[in-house]
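Lettering of chains follows the sequences in order, A, B, ..., and the numbering in each one begins at 1. Everything numeric here is computed off the predicted structure, so don't read it as measured data.
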Amino acid sequence: MSKKTLSITIDGKTHQAQPGQLVIDACQDAGSYVPFFCYHPRMTPVGMCRQCFVEIEGPRGPMMVVSCMTPVVEGQVVRTTTDGVKRAQQGVLELLLANHPLDCPVCDKGGECPLQDQAFSHGPGESRFVEEKRHFEKPIPISDLVYLDRERCILCDRCTRFADEVAGDPLITFVSRGSNTQVLTFPDEPFSSYFSGNTVQICPVGALTAKPYRFKARPWDLDQEESTCTTCSVGCRTVVQSSRDELVRYQGVDIDPVNWGWLCDKGRFNFESVNSAERLTTPLIKGESGLADSSWAVALDVAARMLRTALAIGPESVAIIGGARGTNEDAFAWAKLADVLGINQRDAQLADGLPPEIFSLPQATIDDINRAPTIILLAPDLKEELPVLYLRARHAAQKRTARIIEFTAHNSGLTPYAWRSIQTEGGKLAAVIRQVGTTTEISDQLSRGDVVVIVGRMNLAESPEFVVNALAEVLHLAPHARVLPALRRGNVRGAITAGLTPQSDAGGTADILAAAASGKIECLILLGSDPLADVPDADLARRGIAGARNIIAIDTFLTASSSQADVVLPAAAYGEKVGTTTNLEGRISNVAQKITPTGTSRPDWMIAAELSIAVGKDLGISSYADVHQMLIDSVPSFAPASDEKSVRHDGVLMHHPHPVSLARSDSSVADHNSFKHRLVVSRKLYDGAQGTVNSPSLVSLADDAGVYVHPLDRARIGVHNGVDVKVTSNRATLVLPLHESQDVMIGTAWIPFNQTGTDVRELLDLSEDVCDVRIEHI
Amino acid sequence: MNTEYSTPGQVPTGPRLITGRFDISDGYTYDGYVRTGGYVALRKALSSMTPKQVHDEVRAAEIQGRGGAGFMAGTKWGFLPADVHPRYLVVNGDESEPGTYKDRLLMELDPHQLIEGIVLASFAVNAAHAFLYVRGEMALAQERLAEAINDAYAHNMAGRNICGSQFSLDITLTWGAGAYIVGEETALIESLEGERGMPRLKPPYFPAVKGLYMQPTIVNNVETLANLPAIINDGGGAFKILGAPTSTGMRMFSVSGHVNRPGVFEVPNGVTTFRMLFEAPEYCGGVRNGGTVKAFIPGGVSAMWFFDEHLDMALDKPTVDKAGSMLGSGAIVAMDQTTDMVAACWRIVRFFARESCGKCTPCREGTTWLEQVLRRILDGQGRPQDIDLLFEISESISPGIAWPPLQTTICPLGPSAVSPIASAVRRFRNEFDHYIAHGRPIDGVDDVLHPEGSRVHV
Amino acid sequence: MSRLNDANITIAKEIIARFPRPKSAMIPLLHLAQEQDGHVSNKAMVHIGELLGVTPADVYGTASFYEMFKFEPIGKYCINICTNISCHLVGSWNLLHHAEDRLGVKAGGTTADGMFTLEDVECIAACTEAPAIQVNYRYRYQVTPANFDQLIDDLRSGRADEEIPPFGTLSRVRQRTSESWSNYGIEAQAIVDER
Ligand SMILES: Cc1cc2nc3c(=O)[nH]c(=O)nc-3n(C[C@H](O)[C@H](O)[C@H](O)COP(=O)(O)O)c2cc1C
Ligand code: SF4
Ligand code: FES
């Protein structure tokens, strides 16, 4: 904010206001409270509720204006407490309350309701309204997650504006007119938005309520702390709220650099999984009759013995997979343990990520998206994988601050807002970029200033090197471009930076599983990872898990993989442990402990510390403070985290050491023959992830597995929409329902990852660059 | 009744500038229009005048907008920012202010005159696209205008290079679907954009700067534009002197209610008095049954009511404004001594309650509440404190309950509901008290809501 | 009920072409749907949404703002009796109550035979011809109970068919998009949009 401020007078005090600021915000800054309902700082003001009146000295004397629609101007004189202002505010309030039901005692909003609060502070007292109140059917579900009570609605246009303006899902709208106006969806078309929970949070009354929170708690017995969502790597700021030692609600916190107050529904509602009855509560040890309850002492001892036996054979017979689901401190403690034990085979990514080098390229921040004139997408569908990053990018396109150039094999959530959306088949990316890069249209656009390249795994069925090569091409075209890594897992960047990344050439997850498959792994440690469910190559994962002599699993649930383990150690989950996390742009911020860990579960760092003692290599970690300090002192990138205050607020950006540069390489694969389709596998927001399947409100939202092709391809294959087809790769043949979709480019077959039913990973072979499939009717 | 105007020729008259073709059977057709001097002004303007010259004539005419606000057209056009394109002309044919009946006649009986006015205005403000928004319920007007626009295009009076000039203009005919508020210019623009017809807040959304599609836009009333051919033919000066200096030209007034011959008249603006319209044989020829005017509405139901002391006031904008009301849309409604003022007041308030768009709280909730209270009084459920309540609610919508009204609302519809209450209750308090005390109107007035005495609840 | 038929799709596209932005064709298209089906069906709203590139909710939000759009079938003839001030003063309530008795329905209702829907409406801009009414938005002036009855007979017997089409049909004349349609305004707007 280097712009010079404007000097105005509010209630007699002079105040320095920001240019372009609205009077209502200036008044807040100056400490003069102006009541309001429809205004929301992140949305276009509409001036509908008429509650925010102030008096302003005008050319023709004082006049009353709504402060939410009035910009500040130099020398402005504002009064917020004149009789006229008070009378107007009381009048509006009385009118808002006239038809408002008196059901506060049974209303979720009761106790945290702006309308209720203002009725007390500014209200006229008892109502003079003796007429029949307006009646609507009480609450109606408008989606799987949200209920609407139209009698409570004050028609502030916040939810409808959010759906249209912010989320781009205008599925709720004002219906009818005048005093019959109501918010509704189209008949039989629910408000199915990934962001619906935000409407509940910004509703100034109890008209919109969230199914997962209804009647759960009352504001006055809520206990809350600021934290960071680790569901994905955007790292939205939240408050975690608990009641009677149970998580009951997350709310978005508005910080400028990241989420602007918004959350996606998955991040908002998957707290249910923390409270799940399926959570692991005690250590388990495998006996003749499978896994059986045990104690920490025994389990740690068994685990230590396995580890020692393996180390006796040699550190190359030990490997660690996972760590991206924990905190920076968790990852650091395990990396340190690996260091002292000489374990080089460790990887926080599950053969579904990108090489860590991308963190060492010139880095962009999330905010850069809303500054740079050009955004290039070499990324999966942000709306599906990094929802709030999608909101930021969409905002940039809508406000015309940036033009989006997208490369993809199927239309994404951002395609409608992209300036250019270039359809590219798997394996062809680099070549296509080289080609379009020469067009003046693109090169002119790239020369218009900063360029942000968002890079992630667009297609789990193709080798990551294609994306890296494509990135190299972009950086060649626009050397000034900066990179925003779009790796999905919550703390993957923190885990890798803390050291949970291959220390030797063949130390990655794929290599580890291959080694295990050929009997070379004596002890495999699964650090909150589930290769059987997540590694894109199902067969490899199966052989690897089967081949590992011993498996130690640290997990919150008994997953496909951890149920194969010899020792299972219950881990504390989100909300059950303090720590710091790192988002995709390298922002370090705190996560809070709000409830006591389930059963005897412990944070990962503590397990590492105890294991280190058990194997006689004490890490010297005896408290969270220890491990946190050690992290800051020994890993340069984390040095900025010493600024505790910022870490608990907006977060701090980590250092990006020793920049590297990417070599261009001419990697392009052969065309697939015309009887085949090139397979694209990418994620959707709701899938089989633990956090989703263990959250009752979310579990039903994942789609059934299916294969999507262009209508012309469907016709060519000669089947009807929706019927089962055979999909055959070099690896396997699956049976899936086929859906036609204009969004998929011709010649491509798109199968969403990890949906309910048939598992697409059976088709994939990590040793292949791309995966071509034949689709036939049965 | 007053005998002053009992014989013809005693009232000021003037030419029928825009209603002249009303009694020509084929006046609405292209041939009929051209035969009677149509499109002469347009040819003249396009062949021998610059846009600025056309604008200057309209300035000189000092014609006040006929849609309600009475803002000078020439001045309004001047607000368009220089060389911002595209810019649009939007014609407001939504006529729905109760009592108002003139635009529909102009559209049904002389559509080409309106089209000529539209092309002239677009030429003057250099707009390439005009939108003619007709009220949804006016099927005949829509048919006549569609016919006329098709003919105008066919004869090159619209479209590309009009009359062989460099000027091109598209005219898009469109229409509403039943919502009074859409007559308000910013709501009309919203409606024209395919949205719910809810007004925009002014400032910042002044149409001349941020109008249709957020581009500069001129919104003019049908009657305003219908006058342009005459103004261009005879010059702004000639138009001006037909009326008073402060209210120029001829103007259409529709006089309805308790008069012998209700009608729509084109009268010299600013000089004719209300009494003349009510009593002169050229006009309404007296109050029905030789009765007297108990109260009358001078300019649409949004206006404050006038009473017998105002009868000899001239229909002159500044004069009427100063007296605490407005000429608005030229809708004059006479109520004789038999009128049940509580019922009349309620009926008008019900209109605003029904037509509130619902966007802003004071109007949405306030007008509905006012209507409910008045309804209770009419139904015999009134309470003494209801009178104060009516004023308290009114105060919340229109602080001060004064004229011109202040408003806590976005647009003037809400405050409009206060006018009939302020007028009727202040003047006829006894009638309200009587209803509250006895559950029926005072003696001597017609209980129109409850015909043959039945207390039917309406 | 149904989506727009092929003939109407053609008309719809013509209408859309007359506006710089498709969504501006919303109300005319809703009228078109009502002309086709006698009311605005959900399927039609979905279809209109597709034609205009907006969600069905968006279409419904706009449509429901305007009184003339009916979302269920109503009578073949919609009889609107104005009861606003000018008509109120000269007997419209009397007329309304007579109409209610004659048709055997209250205002807002539809006769059992589906012939008539009766509405008590706001000013229809015929104030000097009070009491005034509309049948499918065609006017009748200075209506007395007697000639109201006459009107009902005419409508029942089909004598008024010539003048009064069934409910839904508004303007029977459509604006032609002649070849001299210059589209200048639309092109100019397109430039603004790209900015
Ligand atoms: C509630 C309301 C209703 C209005 N209705 C109409 C109308 O039906 N017709 C009209 O021409 N102007 C109407 N107006 C006035 C318009 O907003 C606008 O001032 C006018 O069309 C401008 O045209 P003019 O300057 O030629 O009068 C209305 C205004 C308000 C506040
Ligand atoms: S005053 Fe009434 S009509 Fe005008 S914007 Fe407010 S609610 Fe709508
Ligand atoms: S907050 Fe300003 S009008 Fe609602």
Side-chain angles (χ1 to χ4, degrees), chain B residues 85-86 95-96 98-101 104 128-129 136-137 139-140 142-143 146-147 149-150 153-154 156 159-160 168 170 172-180 191-197 213 215 254-258 262-264 301 331 333 335 339 344 347-348 351 354-355 448-449 451 456 458, chain C residues 18-28 30-31 52 54 61-63 65-69 80 83-86 88-94 96-97 120 122-130 134 136-139 170-176 178 180-186 188-189 192:
Chain B
H85 290 276
E95 181 169 63
S96 29
T100 315
Y101 177 30
R104 179 164 71 90
H129 202 154
E137 293 93 331
L140 180 60
Q142 292 156 21
E143 288 175 350
E147 198 75 62
I149 290 176
N150 289 340
Y153 265 92
N156 192 215
R160 199 173 256 117
S168 297
D170 283 325
T172 297
L173 175 64
T174 186
W175 51 95
Y180 161 72
S191 183
L192 201 40
E193 292 183 3
E195 305 291 343
R196 301 163 54 79
Y213 312 127
Q215 293 297 111
S254 60
V255 189
S256 60
H258 295 148
V264 184
V301 295
V333 184
M335 300 181 255
T339 310
R347 184 57 189 80
I348 295 172
F351 167 75
R354 263 198 184 187
E355 296 297 337
V448 294
L449 295 179
V456 187
V458 290
Chain C
R18 283 201 282 273
F19 293 94
R21 293 185 185 177
K23 197 175 180 185
S24 286
M26 178 82 79
I27 291 175
L30 285 160
H31 279 300
L52 301 181
V54 301
T62 296
F65 185 86
Y66 302 90
E67 265 134 42
M68 288 171 72
F69 296 127
N80 296 349
T83 61
N84 209 309
I85 190 67
S86 304
H88 162 106
L89 290 172
V90 296
S92 61
W93 294 109
N94 222 341
L96 179 68
H97 295 126
D120 153 14
E122 301 300 342
C123 180
I124 52 177
C127 315
T128 64
E129 307 291 347
Q134 287 182 323
N136 293 351
Y137 308 109
R138 268 75 183 172
Y139 286 86
L170 213 48
S171 175
R172 284 162 298 189
V173 184
R174 298 195 194 282
Q175 178 175 3
R176 262 182 276 112
S178 57
S180 63
W181 180 260
S182 67
N183 266 352
Y184 172 77
I186 295 177
Q189 182 65 45
V192 175

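Between chain C and the residues B:Ala331, B:Ser168, B:Pro262, B:Ser254, the largest count of heavy-atom pairs under 4.5 Å involves B:Pro262. Chosen from C:Leu96, C:Asp120, C:Ile27, C:Ile124, the residue pairing most often with chain B at heavy-atom distances under 4.5 Å is C:Asp120. Looking only at heavy-atom pairs under 4.5 Å with chain B, the residue among C:Gly91, C:Gly61, C:Pro20 that has the most is C:Pro20. Heavy-atom pairs under 4.5 Å with chain C peak, among B:Ala177, B:Gly257, B:Ala139, B:Gly197, at B:Ala177. Among the candidates B:Met335, B:His129, B:Glu143, the residue making the largest number of heavy-atom pairs closer than 4.5 Å to chain C is B:Glu143. Comparing B:Ile348, B:Thr100, B:Thr172, B:Leu140 by heavy-atom pairs within less than 4.5 Å of chain C, the highest count is held by B:Thr172. For the set B:Ala179, B:Pro98, B:Ser96, the count of heavy-atom pairs under 4.5 angstrom toward chain C peaks at B:Pro98. Residue with the most contacts toward chain B among C:Gln134, C:Glu122, C:Arg18: C:Glu122 (heavy-atom pairs, distance under 4.5 Å). Comparing C:Arg172, C:Glu129, C:Arg138 by how many heavy-atom pairs each has under 4.5 Å with chain B, the most go to C:Arg172. Options C:Val90, C:Asn136, C:Leu30, C:Leu89 differ in how many heavy-atom pairs under 4.5 Å they form with chain B, and the most are formed by C:Leu89.
Of the two parts of C:Ser92, neither the backbone nor the side chain holds a non-hydrogen atom closer than 4.5 Å to a non-hydrogen atom of chain B. Contacts of C:Ala130 with chain B are absent, with no heavy-atom separation under 4.5 Å from either backbone or side chain.
The closest side-chain heavy-atom distance from C:Ser24 to B:Tyr213 is below 4.5 Å. Side chains of C:His31 and B:Trp175 form a contact here, defined as non-hydrogen atoms less than 4.5 Å apart. Annotation: side chain of C:Cys127 is not in contact with side chain of B:Val333 (no heavy-atom distance under 4.5 Å). Side-chain contact between B:Glu195 and C:Lys23: present, with at least one pair of heavy atoms (C-beta onward) separated by less than 4.5 Å.
Not a single donor-acceptor pair under 3.5 Å links the side chain of B:Arg347 to the backbone N or O of C:His88.
Expressed to the nearest 0.5 Å, how far CD1 of B:Ile149 lies from CD of C:Gln175 amounts to 5.0 Å. Between C:Tyr66 atom OH and B:Ser191 atom OG the span is 3.0 Å, to the nearest 0.5 Å.
A salt bridge is defined here as a Lys NZ or Arg NE, NH1 or NH2 lying under 4.0 Å from an Asp or Glu carboxylate O, and B:Glu193 with C:Arg21 fails to meet this definition. With salt bridges taken as basic N to acidic carboxylate O contacts below 4.0 Å, none links C:Arg174 and B:Glu147.
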Does the pair C:Glu67 and B:Arg354 meet the rule for a salt bridge (Lys or Arg N to Asp or Glu O under 4.0 Å), with working shown? CA-CA 11 Å; C:Glu67 265 134 42; B:Arg354 263 198 184 187; over 6 Å; no
Taking it one step at a time, do C:Phe19 and B:Thr174 satisfy side-chain contact (heavy atoms from CB on, under 4.5 Å)? CA-CA 10 Å; C:Phe19 293 94; B:Thr174 186; 3.8 Å; yes
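Nearest heavy-atom pair, B:Ala146 versus C:Val173, reported as atom, atom and distance to 0.1 Å: CB-O, 3.6 Å. Between C:Tyr139 and B:Glu137, the shortest heavy-atom contact is OH-O, 4.3 Å.
At a cut-off of 3.5 Å, with distance as the only test, no side-chain donor of C:Ser86 or B:Tyr101 sits close to an acceptor on the other residue.
Every residue two or more places apart in sequence or in another chain was checked for a side-chain hydrogen bond (donor to acceptor under 3.5 Å, both in side chains) with B:Gln142, and none qualifies.
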